[in-house]
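I have placed the structure first, in the form of structure tokens, so that the comments after it can refer back to it.
Chain A is the first sequence line, chain B the second, and so forth, proteins listed ahead of strands; every chain is numbered from 1.
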Amino acid sequence: MRLRLTDQPLDLQAVVASVAGPDAGAVDVFIGTVRNHAKGRRVLRLEYEAYEAMVLEQFGLFAEEAQRRWPGARVAVHHRLGACQAGEPTVIVAACHAHRAEAFDACRLVVERLKADAPIWKREVYEDGSVWVGQGS
Amino acid sequence: MVRGMRIRVLFFAALRERAGVSDLELELSEDATVGDALAALSRRFPDLGVPGPGVRCAVEREFSDASRPLVEGQELALIPPVSGG
């Protein structure tokens with residue numbers, strides 16, 4: 001499965017396998033992980049929430065855009081929901097192409113689109129409270 | 001008599017917590033737009049901060065601006081600033 005939201009730990013090999021193939025010369029992988037600090041505060045974990053049906057449609061649009069720009073590219077996106085501990089992967093994007101430049105570019109495009117337009121939200125949990133990132137409360 | 005329509009509104013993250021619900025049904029006039037729905041929501045939830053900076057709307061899972069006309073039974077989601085990844 002190339003596009004996925006899950007409350008279970010992400011499986012890097014499954015993501016790569018979903019795009020890899022004998023026509024590929026390169027698979028580029030981005031892994032986003034939980035950083036244990038933010039603005040000087042210690043972060044214990046992140047808690048993710050998503051508008052799931054729209055997220056999956058958006059992931060599909062991002063992948064189609066990459067395929068239009070770099071014909072032959074295949075893209076997979078797996079993103080976590082629920083609680084993720086410091087150091088844990090929260091998103092894996094893999095892009096496969098016959099050539100490495102296109103694989104790098106397709107992966108970067110999908111990561112940037114996801115950050116800007118996927119309806120996913122994270123709450124940073126500290127020792128003494130929590131906050132929705134970017135929402136002021 | 002003015003005919004009405006009902007739509008479903010979805011709230012997420014900080015907006016869900018401020019509204020105190022994750023979804024509700026909203027009654028609007030038949031010719032209502034996304035902007036009209038936001039105005040009705042801000043009357044019902046004065047502290048919601050909608051319309052507000054960075055809050056986008058999606059109709060049937062598609063980003064939409066305030067001028068988009070709504071249709072009976074549609075799903076309107078309020079999308080606060082996203083932070084995936």
Out of curiosity, I79(B) CD1 to M54(A) CE, how far, rounded to the nearest 0.5 Å?
-> 5.0 Å

Should R123(A) and E17(B) count as an ion pair when the cut-off is N to O under 4.0 Å?
-> yes

Between [X] and chain B, which part of the residue has a heavy atom less than 4.5 Å away: side chain, backbone, both or neither?
| X | result |
| --- | --- |
| Q58(A) | side chain |
| Y51(A) | both |
| A118(A) | backbone |

Between Q135(A) and F12(B), is any pair of side-chain heavy atoms under 4.5 Å apart?
-> no

Quick note, ring pair (Phe, Tyr, Trp, His ring centres under 6.0 Å) partners involving residues 24-63 of chain B, not counting sequence neighbours, are F11(B)-F45(B)

Neighbourhood of chain B inside residues 100-117 of chain A, taking heavy atoms under 4.5 Å as contact | L114(A), K115(A), A116(A), D117(A)

Pairs satisfying salt bridge (Lys or Arg N to Asp or Glu O under 4.0 Å), at least one member in residues 64-85 of chain B, at least two apart | E62(B)-R68(B)

Within residues 75-87 of chain A or reaching into it, pairs that qualify as side chain to side chain donor-acceptor pair (under 3.5 Å) - sequence neighbours excluded = R80(A)-E88(A)

Of the non-hydrogen atoms in R61(B) and E57(A), which two are nearest, and what is the gap between them?
-> NE-OE2, 2.6 Å

P80(B) versus W121(A), closest heavy-atom pair with distance | O-NE1, 3.0 Å

